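A quick write-up on the structure given underneath.
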Amino acid sequence: MRLTQGDGRQLALTRKYHDLPIFWKILLPFTLLMLVLGLAGAFLVVRDLSTNARRSLDRDLFAHTVTARAAVLDAEFSLLEAVRFAANLRGLPESTAQGDRPQTAELLSSVAAVKQRIDLLVVTNEAGEGLVEITRRGEERHVDGGHPWAETPFVASVLDSGTGGLEDKMAGLIDAGGERYVAMATPVRRGEVVVGAVLAGIRTEDLAGEVSGRASTAVALYDGDAQIVAASPDFVNTDHPLPQDAENGRAVSSADGRLSTLHAPLELRGREVGMIGVQLPTDEALGSVRGASIRLALLLSAAMAAVVGVGVFLSRSIVSRLRPLIDTNRALGRGEFSSRVALQGRDELGELAEGFNQMAEQLEASYKELEMRVAERTEETQRLYEELLEATRSRSELLAGITHDFRTPVFAILGHAKMMQDPDFHPDDPSWREAFGETIYESGDYLLQLVNDLLDHAEFELGHAEIEREPMDIGALLSHLEKTIVPLARASDLEAVVDIDDDLPIVKADEARLRQIVLNLVSNAIKYTPSGGRITVTAVPKGRRVQVAVADTGLGVPEDVGERIFEPFYRVEGTQPQKGQASSGLGLALTKRLVEAHSGRIWYERTPDGTTFLFTLPATRRRKSQKRLQTAGAG
Amino acid sequence: MARTSRQPIRLVVCDDNESVLLTLTRALEYREGLEIAAEAGSVEELLELIDEVGPDVIVLDVNLPGLNGIDGVHELRARDVRVPVILMSADKRNAEPAEAAGARFFYKGTTDLEDLVAEIFAAAE
């Protein structure tokens with residue numbers, strides 16, 4: 001499978017996470033999650049709050065604008081009443097037509113007295129020249145005249161209305177005597193003829209203050225060029241007065257965002273003459289949002305601190321309980337197998353600790369058992385090693401024995417041969433030839449016997465010895481051997497007796513080997529029995545066995561010899577075979593092997609006269625009659 | 001030269017092995033100037049007959065049952081018998097202790113007995 005780069009990065013991250021201590025492993029996701037969720041939540045809440053606040057601000061601005069426009073409408077109505085009242089005043093058209101200034105001033109003053117709200121009252125002649133002009137500032141009135149009002153567009157329109165038939169009441173913003181007014185004009189007619197015009201105005205400054213008072217907010221009035229003509233004192237010019245703002249009815253914010261202004265068209269007599277701006281501070285509305293945000297931030301911080309605190313506590317409590325596990329684990333690693341974890345609680349960690357302790361116990365037990373086994377094996381190995389050493393030693397001794405025993409007859413043979421070769425050899429005794437021949441023959445014979453015994457021995461050593469066991473009559477064999485034993489003993493000037501029980505059972509044996517066993521024991525007895533002694537061979541049934549004994553009246557075996565007599569080349573200290581006898585030193589060792597190969601047992605007993613060698617062979621079945629089997633007799 | 005044909009060197013040969021003893025006595029007996037005065041099968045036997053025989057040289061096997069040849073030399077010296085002894089062994093490692101005991105040494109691993117004869121004559125000098 002091929003890893004993409006992304007997978008690799010993810011793997012690296014996973015590995016980094018795996019490498020973190022558990023403390024951070026738990027705490028980090030907690031904190032990150034809390035941070036992300038908290039910030040997202042706070043963002044959503046603050047956004048909703050500020051949207052709501054903005055909407056509420058817009059609603060407020062709209063409501064204030066409606067109130068402000070109503071106030072402007074009131075003012076318009078006052079102007080309308082004033083011009084209508086003045087234009088229809090009895091005597092005014094006449095005085096106007098005649099250009100009677102005092103009369104007109106008197107009439108207009110009465111109007112001004114009634115219409116308290118009007119700051120400017122003007123009557124012009126038909127040419128638009130100011131006949132009487134009453135300006136009021138507070139209680140003070142100033143009467144003037146002679147201004148060329150025909151330059152004021154809507155006054156000119158009003159004067160033309162008599163002929164054009166255009167609308168007879170028109171309004172707008174005017175400058176007069178350094179003051180700005182919202183003004184309305186209407187023609188003064190005598191009959192159908194326009195003889196002049198009446199103009200009423202309200203100072204824009206006053207209007208702005210009035211509207212501001214009515215709408216309970218800062219208000220500004222703009223002219224058609226979007227320049228402020230008047231504003232309530234608390235209005236801040238934010239340099240945003242664009243006609244299109246008034247068109248789309250959208251509030252604009254000040255550069256610092258602390259003020260919001262909604263502009264609406266300023267209409268007089270259905271004509272847009274400028275704009276009205278209503279301004280509210282955003283602080284009030286958005287301030288609550290800021291407060292909520294701060295509270296939210298504090299709450300979030302507190303929650304995060306709490307979560308981190310809980311996370312720290314949880315991580316610590318888990319890590320602090322893991323610590324003994326780790327320490328004990330290390331101790332076990334160092335080979336302190338008796339280390340255990342102190343159990344705390346019954347949760348998963350408790351279970352882990354319990355399982356760990358069980359494991360440690362098992363480990364300790366296994367280790368002890370292992371140590372014990374190692375000790376046992378070491379002991380066994382030591383024993384085997386010693387046995388091996390002993391075997392090697394006995395093998396060396398065997399070799400030394402073989403060498404020694406071979407050298408002797410060879411020495412005799414070669415020594416005699418050498419003498420016979422010597423031209424100076426002239427023995428006095430003429431019978432030397434016979435004597436030499438006898439010595440050489442005997443030495444050769446002994447050498448042959450030695451070689452035969454050695455080969456037999458080697459066969460046993462190598463496990464190649466062939467024993468073919470068949471049921472046979474041991475009594476028959478022994479009585480047959482009597483013919484060999486008796487002359488053999490007699491040659492050494494010994495008496496031999498063979499005594500066989502008539503009721504011997506059949507044994508399972510290799511006849512040639514059994515013959516070898518008996519003859520070995522007999523020749524051994526002959527070798528160590530001085531002239532005139534006696535050799536007795538007996539055979540008796542012993543339970544399920546046949547026991548054969550070869551007793552002599554010989555030199556005897558010292559008490560401390562024990563089983564060593566059956567070792568190859570072992571010779572009893574201080575004893576010598578009788579004259580003319582030679583021992584290969586292997587006879588008894590071989591005999592023991594042969595007996596054991598027949599599942600029998602061989603041992604010897606020290607008697608007052610000499611020594612008795614005994615061996616037993618297991619019986620196959622009891623013989624039923626005295627009749628001898630012919631198997632043994634033939635050999 | 002003092003003991004030429006008229007006065008042969010009188011020997012006692014001591015070895016536990018009968019055929020070895022027989023071979024040695026036969027081989028030394030016919031040599032001119034040598035005479036087998038007695039044979040012994042063990043040191044004990046040798047000690048018994050030594051005073052009576054009074055040999056000129058003793059030829060003694062090292063490896064003997066009971067007291068061995070080296071013990072035998074010490075035993076002879078202890079009895080103030082000053083007769084030269086030739087110790088024989090088929091083990092060459094016995095040469096050193098033999099010479100340390102004040103005896104000559106003959107290696108028995110050969111059937112060439114000229115060396116033994118030479119040793120006997122040298123010892124008798």
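To find a chain, count down the sequence lines: A is the first, B the second, and so on, and within it residues start at 1. Just so we're clear, the structure is a prediction, and the values are computed from it rather than from any experiment.
With a threshold of 4.5 angstrom between heavy atoms, B:Asp91 does not approach chain A through any atom at all. Interface residue A:Ala435: backbone and side-chain heavy atoms are both found under 4.5 Å from chain B.
Using a 4.5 Å cut-off on side-chain heavy atoms (C-beta onward), B:Leu113 and A:Met419 make no contact. B:Val20 is not listed as a side-chain neighbour of A:Arg407, based on a closest heavy-atom distance of 4.5 Å or more. Taking 4.5 Å as the limit, some side-chain heavy atom of B:Leu24 sits within range of a side-chain heavy atom of A:Phe411.
By the neighbour-count criterion of 12 heavy atoms within 6.0 Å, atom CD of A:Glu387 is densely surrounded, having more than that number from other residues, nucleotides or ligands. Remark: A:Glu390 CD is packed, more than 12 non-hydrogen atoms of other residues, nucleotides or ligands lying under 6.0 Å away. Within 6.0 Å of the OH atom in B:Tyr107, the count of heavy atoms belonging to other residues, nucleotides or ligands exceeds 12. Counting non-hydrogen atoms of neighbouring residues, nucleotides and ligands closer than 6.0 angstrom, the CZ atom of B:Arg93 reaches no more than 12 such neighbours.
B:Asp15 CG to A:Thr408 OG1: the interatomic distance, rounded to the nearest 0.5 Å, is 8.0 Å.
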